[in-house]
Amino acid sequence: MLMYLEMRYTRRSSDAVVLYTIVSAIALDAPENRSPGEYHGVLSRVFFAWINSLLLKGYRTILTNDDIPTLDRNLSPKTMRRVILQLWSQRDKPETKRTLPLALFRCLKRPFFDVILPRLFLTVFRYSQPALIGRSIQHIMNPSIKDRELQGYWIIVSALVIYFGLAISTALYQHRLNRLKLLTKSALIGLIHAKIIDSPSVSYDDGEATTLMSTDTDGLEGVGEMFHETWAQIMEVSIGIVLLSREIGWVWPLPLILIFLCSRVSRYVAKHLKTRQRAWNEMTQQRVSAISSLLGSMKAIKMLGLESAIAAQVQRARETELLVASKVRWMTVYYNASANALGIFSPALTLVLYTIVVSAKGKSLDTETAFTTMAVLSMITHPANMVMTIVPKAIAAFAGFERIQRYLLKPVLRDRRRLLPRSTSISVAWDPSSGHLTNPAPVIEFRNVSIDTKPAVLANLNFSLGPGSLCMVSGPVGGGKSLLLHAILGEVAFTGVISLANKRIAYCAQKPWIPSGSVRDVILGVTSHGDTLWYQEVLAACCLTRDLAALREGDDTEVGNGGSNLSGGQRQRLAIARALFSRCDIILLDDSFSALDGTTKNKIFENLLGPDGLVKRLRSTVIFTCNSSEFFYAADHILILSDGCIIKQGSWKDLQSEFTSFARLLPESRKDHEMDDPQSSNVADRFTSRIQACDDAEIDLARQTGDSTLYMYYYQFVRLINLLFVTACTASYSVFNTIPQYWLKIWTDPGANNTTLFVTGLLAISFISWMSTSGTMWATVIRLAPQSGRQIHQRLLGIVVSAPLSFFSSTENGSILNRFSQDIQLVDKQLPSALANLSNQVFKLFAQAALLLVAQKWLVVSLPVCSVIIYAVQKVYLRTSRQLRFLELESKAAVFSSFLESERNETIRSFDWRREVVRKNVACVSNAQRPEFLLLSLQRWLNLVFDLVAAILAVSVIALAVAWHGSTSSGQIGLALNILLVTNTTLLRLVESWTTLEVSLGAISRLKMLEEGTPSEHFPTETLSPPENWPLKGQVRLTRINAYYNPGALALSEVELHIVSGQKIVICGRTGSGKSSLLLTLLRVLDIESGKMEVDGVDLARIPRHLVRERCFVTVTQDPLILYDQSLRFNLDPGNSSSDELLVEALTKIGLWSLFSQRSEPEGENTASLQYHSDAEDDDLDISTTLARKISNFPILSSGQCQLLAVARAYVKVKALRVDGLRPVILLDEVTSSVDYATESAIHDIIDREFTSQGHSVIMIAHRVAILAGHTQPGRDLVVQMQDGRIDHVTTDLSALGQPGIIKQE
């Protein structure tokens, strides 16, 4: 229609504009573009009728995210984020503990106050019930009252108004509280995410932001409800005391005395709970951080054979978390015992004391006073109980406020870089004859720059670069090359002046940031589309066309978590393509060719940085850090860093004459001799698309209807004795908590005069009830919850660690992390309580129904009707609520992924993608809150339905009593109305507990589905136990090996290789040719389809994989595994089997001990010299303390230093295995790609001296092969050239590689 209007009114432009605007507004305001609350009427919103259509749809079909309506505009996470950030920036300083709560209050002021009015009405209707009970009993007891029929009529009308008003006001109050909860969560998540974006980049993730976003924010979402319930409950207690004083006279202070005594326990809890809750949250953070590190490095962990060691470390963190949590749980048990004592003993003691008083006066307890007093007392003790229950919750909440505020107040990144004046940064004249700009203005300028790290690494940096220039930066490991780039990005503090022509910079980190998505998504960055011709040109320049052509889905192929589906070279090329596609004026490449083979590297360099390269056409300024002088010839400017400063700079022509003076710091200028084959790779089918649970019909069916087997599955994690004890305690509590109403009826019946018996009985019943509920809490919180939480976490961890590598390539890390965070939180905090509450409410409902039928026999007629209504409602409700909860949790996984990806914020900031990343996070939060809001609204609908059912029953009881007053005694009507006072609450709590249990069982359902749907990498045939001294020689034989990433996707084809003891095998080939696949196959990370792998004559396919990785091979991976949240000792020796002396020896030989042992030593200390020094250990240094420190507490390690640390770990493991008489095979995957020439040469010396000369077979992947000529022995060692997953040729002479006469292996 809009298109028609545009065409129809082209000539009459003014009319067309007006009409077009009107129709557009109508279209945008259509119901499908608004939330239900915005276009439904008042009655529909009050009675939640708008949700009926979705209920029926959820009952009949499977719900998807497309079925969930949009959020109300007033619930927009985008708006909340903007408002809270503005208020936080305007906060008063200095900050106090109340700063964040006050900022949140100002942000949510309107929805906060919107809750007050329905809460006041709720109090009015609630406290009208005792008066209604008293008036009804009077009406029954006085048959001769004047205007009896008129009074009866008004009693029925009053009952209608009170009970229906109670139902509606409760629904409105809870609904507005739910809106406040969502807004609170949106605001806090927005604050935390904004802090992530603006925080200094770190080389590791401590999990703090993710934990705050999940655990702490979830604990704070109900802070508004706590506040409103506190003032309302205090007001209700005051009203109740006034009403009580009218009934029982001067005895009324007794409940206040009991409240005061119980509040002393609350005070004790308030004093000690805060620190214990904070400690629990911190332990949870440490565990989640460890799991996040595990998931992000699973490929390296499997290659290193560290699954068991790291899984045990994570489980120990879980045990520590449960130990810390037990202190909070014991406080909960004490507190609940105190609070329940108030609710149980207060009515009993008050009635007993009142009875004693009236008995002393020669009177007896009358029916009206007894039941009215009981009703009033329940309305005093319940709110008093609630207030005391809120206290520990509020304390825990404010502990969350403190943690979040402490995180928000961490130092922010302050960009001190300057922009060059526009007049000096614009393009100037281009001289076609010379091919350069005439008098170019600088694009990057450093003046007296020093890095302000402690200690400083770089000082007195002075240089400038013009537009279109190429600057090569080189130097030793830890010399500050990456730090220089971070200074240009504004990621580190510095003194001096850094001036840039443009702060939008294309940055390729040493470890590329590869977010989840398709290849195309990664290259395009945050843009949804781009210049197609330019895109294709970039692909060709980065040598990606060939790779993509071999993929079944082309550039729509999913890259996996962090690019886990890609090789190291492919990840680097994707990052380079992304940088090139962005067309930035400045490009920073941080050793971005380190994982590329020689041919591909040379071709990409020529395509990008050659005379006719794309970068030259763009006239972008490039700074390229490297550990090689190979491309110095093409540089316009060269910077040589060493000893914390620039020791040489200038053009290659200027520096050639002085090259020998600093050549020791660099690799030789050389070409890497590698063969490349232009044929396309046939192993690309290894890429898999992400697997979604909703694609499985059986899972969808279980999601809709529930799965009864889940209960038995969960019970296996809970000891039978715990389950029986909880059941017995809840049954006992339910019976003895309900009996006092009937006991009171018998007590007040005519002829009942044994006061001592009734008093003693009431006190005994109350004591048994209190003991039962305290036992329930103890069994649930102290026994059942830790038992199930420990075993479920262990089972989940075992499933994940045992999964094959393909599982992690096809499953989002955020989704897995959600299992360990959100689901474990459900298991710890909701599921045990829901199980106990369900048992409790079932027994209470039976007891109350029995008493109700005793009190009013006519209600038997309504029993079938109520049963049918309740059954139908819960059946429809549960089908839909299960699906909404499933959608909510799956949507939360996207929020986790958004946070995890945002933590690599230096890349986001460099490309100036903040807005797009924020927009994505807001969209994820909004999508997660859509099903959550609908689920909360559905719960309100359920509450309203049952409140209305209870209202009808209450009105019916009163109507029957009024109509047939002669057939109903005053005791019966008092009993019935007092039971009805709590029966609707019991009914609601029953369904809520059942719902909470079903929802919490969703965590168990996902665990069960994960266990059933996740294959294990361990095969039943892997049962052979090798000899104790295996491997003795390290001889490897591969016979016609065909390996696959996934069934049908071959990674290796017909590979044959024989390796003798002490032989060195150098594997070369183009990136993606199958080099790493060969190592993965040897390590049994990839499965073989056919063929045979033997080490010392033992078939590896028959040996358990953990033994293959732990005993048979010692591996150093391409991406070094550094666990920053673990100690230096654990990183070197995860099995904790080596002495401190051996660890120090390894670090000293590798040149890192001085870095770790001297805190005052510069981070950029030259580690090129790897010689052993006997005086390296200071006499006063506590070696044990140094080794026990976390890696994150040391100066940040460069990529080269991380590789050195990985080599040290291999050295420790080899020495330890050699002591046991074993001679493992050494696997080295590009271990020198990020180190300088001297360090590389020294590493090869260690390999020769400690490995090869000791009889170890060494299989190493190398791209920089020229240096290996001096570290290979012709006639003994082999050079294997791979291509497309096959061995192309084998030579025994490295110098002959790429020349005629290549020796083919027989």
Side-chain angles (χ1 to χ4, degrees), residues 34-35 37-38 68 70-92 95 99-112 114 178-199 208-224 397 400-401 403-410 412-413 515 526 814 888 891-905 908-909 912-933 936:
R34 292 182 293 161
S35 69
E38 291 179 305
I68 309 300
T70 59
L71 284 175
D72 189 330
R73 295 170 189 173
N74 294 327
L75 293 176
S76 169
K78 180 180 179 180
T79 304
M80 284 297 101
R81 181 186 181 114
R82 186 185 68 251
V83 174
I84 190 66
L85 287 176
Q86 181 180 359
L87 291 170
W88 180 249
S89 65
Q90 298 170 354
R91 66 186 182 276
D92 296 331
E95 293 84 359
T99 300
L100 180 58
L102 287 176
L104 186 64
F105 168 73
R106 288 196 291 267
C107 176
L108 305 173
K109 187 180 298 184
R110 181 172 178 179
F112 185 86
D114 284 345
N178 289 338
R179 293 173 64 90
L180 185 59
K181 288 180 181 179
L182 290 182
L183 293 172
T184 302
K185 188 183 295 185
S186 295
L188 292 174
I189 290 177
L191 263 179
I192 296 168
H193 187 261
K195 181 65 178 181
I196 292 179
I197 297 297
D198 293 329
S199 294
E208 182 176 12
T210 307
T211 306
L212 293 176
M213 178 272 297
S214 55
T215 304
D216 292 82
T217 301
D218 287 344
L220 285 171
E221 67 177 358
V223 67
F401 270 130
R403 277 171 47 82
I404 294 176
Q405 181 168 309
R406 186 168 62 246
Y407 176 74
L408 295 176
L409 293 178
K410 285 186 176 182
V412 296
L413 188 68
V526 298
E888 178 202 356
S891 300
K892 282 185 177 179
V895 180
F896 272 90
S897 296
S898 172
F899 267 70
L900 292 175
E901 291 179 357
S902 298
E903 284 166 352
R904 290 295 298 274
N905 45 25
I908 295 171
R909 283 195 290 264
D912 196 21
W913 287 344
R914 286 184 180 89
R915 290 184 179 179
E916 290 76 9
V917 170
V918 167
R919 190 179 300 118
K920 179 181 178 181
N921 177 260
V922 168
C924 290
V925 174
S926 179
N927 289 335
Q929 288 192 347
R930 283 164 55 208
E932 182 179 6
F933 175 69
L936 292 172

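For the pair D114 and R179, the salt-bridge criterion is not met [side-chain N within less than 4.0 Å of a carboxylate O]. Between K892 and E888 a salt bridge is recorded (basic side-chain N to carboxylate O distance below 4.0 Å).
Between the side chain of Q929 and the backbone N or O of L71 there is no donor-acceptor pair closer than 3.5 Å. One N or O on the side chain of S89 and one on the backbone of Q86 form a donor-acceptor pair closer than 3.5 Å. One N or O on the side chain of K195 and one on the backbone of L408 form a donor-acceptor pair closer than 3.5 Å.
Between V917 and S902, the shortest heavy-atom distance links the atoms CG1-OG, 3.5 Å. Contact detail for L180 and G224: the closest heavy-atom pair is CD2-CA, 3.8 Å. Summarising the geometry of V83 relative to C107, their closest heavy-atom pair is CG1-SG, 3.8 Å, with the distance given to 0.1 Å. The heavy-atom pair separating S898 from C924 by the smallest distance is CB-SG, 4.2 Å. Shortest non-hydrogen contact noted between L183 and P111 is CD1-CG, 3.6 Å. Here the shortest heavy-atom pairing between V925 and S186 reads CG1-OG, 4.4 Å.
You'll find the side chain of F401 stays beyond 4.5 Å of the side chain of D216, heavy atoms only. The side-chain heavy atoms of R91 and L409, taken from C-beta on, include a pair separated by under 4.5 Å. A heavy-atom distance below 4.5 Å is not found between the side chains of L220 and K185. Within the 4.5 Å cutoff, the side chain of F933 has no heavy atoms near those of the I68 side chain. Put simply, the side chain of N74 does not reach to within 4.5 Å of the side chain of R110, judged on heavy atoms. Annotation: side chain of I404 is not in contact with side chain of L191 (no heavy-atom distance under 4.5 Å).
Applying the ring-ring contact (aromatic ring centres under 6.0 Å, His included) test to F896 and every residue at least two apart in sequence or in another chain returns nothing. For the side-chain contact (heavy atoms from CB on, under 4.5 Å) test, residues two or more places apart in sequence or in another chain that qualify with S897 are E812. The salt bridge (charged side-chain N to carboxylate O under 4.0 Å, His left out) check on R914 picks up D198, with sequence neighbours excluded.
Atom CD1 of I908 is separated from atom CD1 of I197 by 4.5 Å, given to the nearest 0.5 angstrom.
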